[in-house]
Amino acid sequence: MTRVLGIETSCDETAAAVITRGEDGAPAILSNVVLSQIEEHAAFGGVVPEIAARAHVEALDGVIEAALEEAGVTLDEIDGIAATAGPGLIGGLIVGLTTAKALAAALDKPLLPVNHLEGHALTARLTDGLEFPYLLLLVSGGHTQIVHVQDIGRYERWASTIDDALGEAFDKTAKLLGLPYPGGPSVEKAAAQGNATRFAFPRPLKGEARPDFSFSGLKTAVRRTASELAPLSEQDIADICASFQAAVTETLADRVTRSLERFRTEHSHLKEPALVVAGGVAANAAIRNTLKSLCRQKGFRLVAPPIKLCGDNAAMIAWAGLERLEAGLAEENALAFAPRPRWPLDESSAPLFGAGKRGAKA
Ligand code: KG4
Ligand code: ZN
């Protein structure tokens with residue numbers, strides 16, 4: 001039995017988890033502790049990096065202890081220590097990675113520096129035992145991308161946002177409508193009471209051949225509408241949210257279709273190709289339903305991990321560490337690994353202007 005302790009501190013969640021693969025080969029989450037800093041940041045309407053780093057320092061030891069206790073294991077029974085080494089807010093990354101290095105050095109166990117995006121990318125193998133290759137739609141507060149997941153450590157980015165991340169668009173929309181932070185759940189809740197056809201917001205890049213995403217024009221249209229209507233009634237807010245969400249789902253379906261078609265062409269032998277959705281925005285029911293019907297239409301299987309494992313957590317980091325350990329990918333000189341605020345999964349793809357401003361949510 002291999003057991004890996006995972007640590008995640010790249011943004012506003014302090015998290016630790018223990019993952020194992022039993023003798024039967026099935027993975028198991030022995031513990032998954034996530035301490036959210038939402039309250040610390042709420043007054044600022046977004047994540048404040050300095051506050052986040054300090055909160056990680058205060059909470060991390062206790063969170064690791066809780067994860068070990070819940071898993072019923074001691075540090076001696078751990079076979080490897082995985083920690084998010086990037087991308088993310090540098091202060092938090094330093095806290096998590098340095099703690100992991102200290103544990104690995106003291107216990108003389110392998111250290112596994114994990115790319116946070118790889119954690120999201122491999123979660124579906126933990127939850128659904130998915131085989132390579134598959135397509136991943138990652139939609140969070142800091143990232144919006146489509147990744148061709150070929151193998152452990154082999155990722156090809158097919159599409160990305162050219163401006164705001166989707167979660168960021170939800171958060172900014174909420175902020176300018178005066179809805180509470182974090183914005184995604186607030187917008188979704190308000191949208192449920194609204195009329196999605198009242199405002200014809202733009203569908204950015206819809207119909208274009210390039211596979212990328214863009215959300216800043218949508219946000220600008222929301223701002224213009226809100227200032228024209230001010231002061232806003234509760235119904236106005238609900239209608240704006242519903243119309244915004246309708247624009248998002250329609251754009252998303254159009255953009256994702258491009259990559260589904262490409263995947264189908266490149267892997268024509270696969271009977272039932274899979275699309276995995278991950279990241280905090282995957283909690284949105286309208287988005288999940290849109291992707292479900294799109295996949296049905298295109299002959300894909302949609303794999304949507306449980307909401308707790310879609311948002312940031314350490315189980316996905318421990319799992320990526322376990323996969324790397326088993327694949328013989330643990331690096332000899334991992335203790336010298338420096339945290340990377342920017343760390344694209346696909347190092348060969350050119351960065352797009354404005355993409356990946358993780359943490360700059362306010
Ligand atoms: O993956 P995550 O927990 O952290 C990041 O890596 O950013 O994602 C957080 C993002 C936030 O922007 C939040 O507003 C968004 O996910 N989000 C949602 C919903 N729940 C969370 N967006 C839309 N609808 C939701 N229900
Ligand atoms: Zn994330």
Side-chain angles (χ1 to χ4, degrees), residues 6-15 32 34-38 41-42 45-47 49 52 84-89 92-93 96 114-123 136-145 147 161 164-177 179-192 215 218-219 222 241-242 244-249 251-252 276-291 304-317 319-320 341 343-345 355-362:
I7 296 173
E8 158 62 40
T9 53
S10 66
C11 194
D12 58 346
E13 267 94 21
T14 312
N32 184 22
V34 180
L35 185 71
S36 172
Q37 303 176 359
I38 283 179
H41 302 286
V47 178
T84 304
L89 299 171
L93 292 174
V114 169
N115 183 314
H116 178 89
L117 304 175
E118 181 170 61
H120 281 302
L122 298 179
T123 301
L136 167 77
L137 169 67
L138 176 60
V139 276
S140 72
H143 300 278
T144 300
Q145 42 187 266
V147 179
T161 178
D164 292 348
L166 183 52
E168 199 180 354
F170 270 94
D171 292 337
K172 286 178 175 171
T173 295
K175 199 172 181 184
L176 75 102
L177 296 175
L179 296 175
Y181 170 84
S186 311
V187 170
E188 182 174 15
K189 197 163 154 223
F215 295 106
L218 183 52
K219 172 194 67 194
V222 169
C241 288
F244 166 82
Q245 210 169 256
V248 163
T249 50
T251 311
L252 209 54
V276 175
V277 59
V281 184
N284 186 291
I287 290 176
R288 281 186 177 231
N289 290 337
T290 300
L291 294 173
I307 287 167
K308 197 163 181 215
L309 295 174
C310 277
D312 289 349
N313 66 86
M316 69 179 191
I317 302 303
W319 172 250
W343 184 7
L345 252 192
K357 294 171 293 182
R358 195 179 160 76
K361 293 185 194 171

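Only a predicted model underlies this, so the values are computations on that prediction, with no experimental measurement involved. When a ligand or atom number is given, it counts from 1 through the structure's own listing order.
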Any Pro185 heavy atom less than 4.0 Å to ligand 1
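It does; at least one heavy atom falls under 4.0 Å.
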Quick check: [X] and ligand 1, any N/O pair under 3.5 Å apart?
{"X": "Gly167", "result": "yes"}
{"X": "Gly311", "result": "no"}
{"X": "Glu188", "result": "yes"}
{"X": "Asp171", "result": "yes"}
{"X": "Pro182", "result": "no"}

Please check if the side chain of [X] supplies one atom and the backbone of [Y] the other of a donor-acceptor pair under 3.5 Å.
{"X": "Glu188", "Y": "Ala285", "result": "yes"}
{"X": "Ser186", "Y": "Pro180", "result": "yes"}
{"X": "Trp343", "Y": "Asn115", "result": "no"}
{"X": "Thr144", "Y": "Leu166", "result": "yes"}

Considering Asp12, Leu166, Asp312, Val248, which one's heavy-atom position lies nearest to atom 4 (O) of ligand 1?
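Selected option, by shortest heavy-atom distance: Asp312.
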From atom 16 (O) of ligand 1, work out which of Ala286, Ala191, Gly280 has a heavy atom at the shortest distance.
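Ranked by closest heavy atom to atom 16 (O) of ligand 1, first place is Gly280.
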Of all residues at least two apart in sequence or in a different chain, which pass the side chain to side chain contact (heavy atoms under 4.5 Å, CB included) check with Ala246?
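In terms of side chain to side chain contact (heavy atoms under 4.5 Å, CB included), with neighbours along the sequence ignored, Ala246 is linked to Ala196, Arg203.
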Residues in side chain to side chain contact (heavy atoms under 4.5 Å, CB included) contact with Ala315, at least two apart in sequence or another chain
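If we apply the side chain to side chain contact (heavy atoms under 4.5 Å, CB included) test to Ala315, skipping adjacent residues, the hits are Ala17, Ile19, Ile29, Asn32, Leu309, Asn313.
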How far does CD of Glu168 sit from OG1 of Thr161, to the nearest 0.5 angstrom?
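Rounded to the nearest 0.5 Å, the CD-OG1 separation comes to 8.0 Å.
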Quick one: report the N, O or S atom of Asp312 that is nearest to the Zn ion (ligand 2).
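The closest N, O or S atom of Asp312 to the Zn ion (ligand 2) is OD1.
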State, to 0.1 Å, how close Tyr181 and Asp12 come at their nearest heavy-atom pair, and which atoms those are.
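That would be OH-OD2, 3.3 Å.
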Closest approach of Ala282 and Cys310, non-hydrogen atoms and distance?
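Where Ala282 meets Cys310 most closely, the heavy atoms are CB-SG, 3.8 Å.
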Is the Zn ion (ligand 2) under 2.8 Å from any N, O or S atom of His143?
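No, His143 does not qualify, because none of its backbone or side-chain N, O or S atoms lies under 2.8 Å.
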Does the shortest distance from the Zn ion (ligand 2) to an N/O/S atom of Cys11 fall below 2.8 Å?
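Not a single backbone or side-chain N, O or S atom of Cys11 is under 2.8 Å from the Zn ion (ligand 2).
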Which part of Asn284 is near ligand 1, with near meaning a heavy atom under 4.0 Å away: side chain, backbone, both or neither?
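Asn284 to ligand 1: contacts from backbone and side chain alike.
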Where ligand 1 meets Gly142 - atom numbers and elements under 4.0 angstrom, heavy-atom basis:
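Taking each heavy atom of Gly142 in turn, ligand 1 has 7 (O) under 4.0 Å.
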